[in-house]
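Because the structure is a prediction, the values reported are computed rather than measured. Positions are given from 1, in the same order as the sequence printed here.
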Amino acid sequence: MFGFVGVLIILGILLLFSAIKILPEYQRGVVLTLGRYTSTKGPGLVLLIPVVQHMIRVDLRVTVLDVPPQDVISRDNVSVRVNAVVYFRVVDSDKSVLEVENFLQATSQLAQTRLRSVLGQHELDEILSQRDSINHTLQATLDESAGPWGIKVMNVEIKDVDLNETMVRAIARQAEAERERRAKVIHAEGEMQAAEKLRDAAAMLSQQPQALQLRYLQTLADMANGGKSSTIVFPLPLDLIKPLMEAFPSKQDSGKTG
């Protein structure tokens, strides 16, 4: 008799322990009663009816999902290998259990397909230079698709974009050509600005002939002081000899006149 009562006591204690559940702050418990959803419990102490009720724990903390490298063909038909990382969390515990079998695996597969489809709509230059915009597009697309599962996608980051060696060399040649183009454009702009300044200086000197003569003398002094050569080249303006040419006409002109 005592043995039967002892067995009952032990069974009662085991049932009591199976009915008591403790959920930490970051977990929630989805309770199923006879297979039907009844409530969401937690955090803290949770009492269940043994055998009748079953509880599934759901973690509400942010989950970091590493998306495996994906082979993507960009819009300009360039093959690249891209991997990314997705940050998400469960915001609706009952949907994450009732609407999808395994929300972690489902989110991983969804992230892989969305990564290929979104990057396929952009050219290679956009993938390399506009990562912030592409990350935002990926985050919005994943959040919209995973929303019915009770999942909130917080952020998506593209980690690496791997190119083959041929494409790397082509990009290097393109960058070199772009630098040469910029150098030529800068040189041409400098020549244009110098020509504009010379034009303004010529217009200013033409208003004052004395200033032009002083400039000639200054140039002559600079050549005499700075150079070691004894030969001096003196620029003679035509404005100085034009009056002499008009005062003394050439012999040919005088012969015609006679």
If I compare all heavy atoms of [X] with all of [Y], which pair ends up nearest, and what's the gap?
X	Y	result
A111	V86	CB-CG2, 4.0 Å
S96	V90	OG-CG1, 3.7 Å
P43	P24	CB-O, 3.2 Å
V153	D143	N-OD1, 3.2 Å
R116	D71	CD-O, 3.9 Å
S93	L60	OG-CD2, 3.6 Å

Are side-chain heavy atoms of [X] and [Y] found at a separation under 4.5 Å?
X	Y	answer
V72	R81	no
M154	V62	yes
D162	V80	no
V156	L142	yes
M55	L23	yes
L115	V67	yes

Donor-acceptor side-chain pairing of [X] and [Y] below 3.5 angstrom:
X	Y	answer
D132	Q130	no
T63	R89	no
S74	E123	no

Atom [atom1] of residue position [X] - does it have more than 12 heavy atoms of other residues, nucleotides or ligands inside 6.0 Å?
X	atom1	answer
I22	CD1	no
Q109	CD	yes
I73	CD1	no

Cationic N near anionic O, under 4.0 Å, [X] to [Y]:
X	Y	answer
R199	E196	no
R182	E178	yes
R28	D59	no

To the nearest 0.5 Å, what is the distance between [atom1] ([X]) and [atom2] ([Y])?
X	Y	atom1	atom2	result
I158	N135	CD1	CG	5.0 Å
T137	H122	OG1	NE2	5.5 Å
I151	D92	CD1	CG	9.0 Å
Q70	T113	CD	OG1	8.5 Å
F88	F103	CZ	CZ	6.0 Å
Q121	I134	CD	CD1	10.0 Å

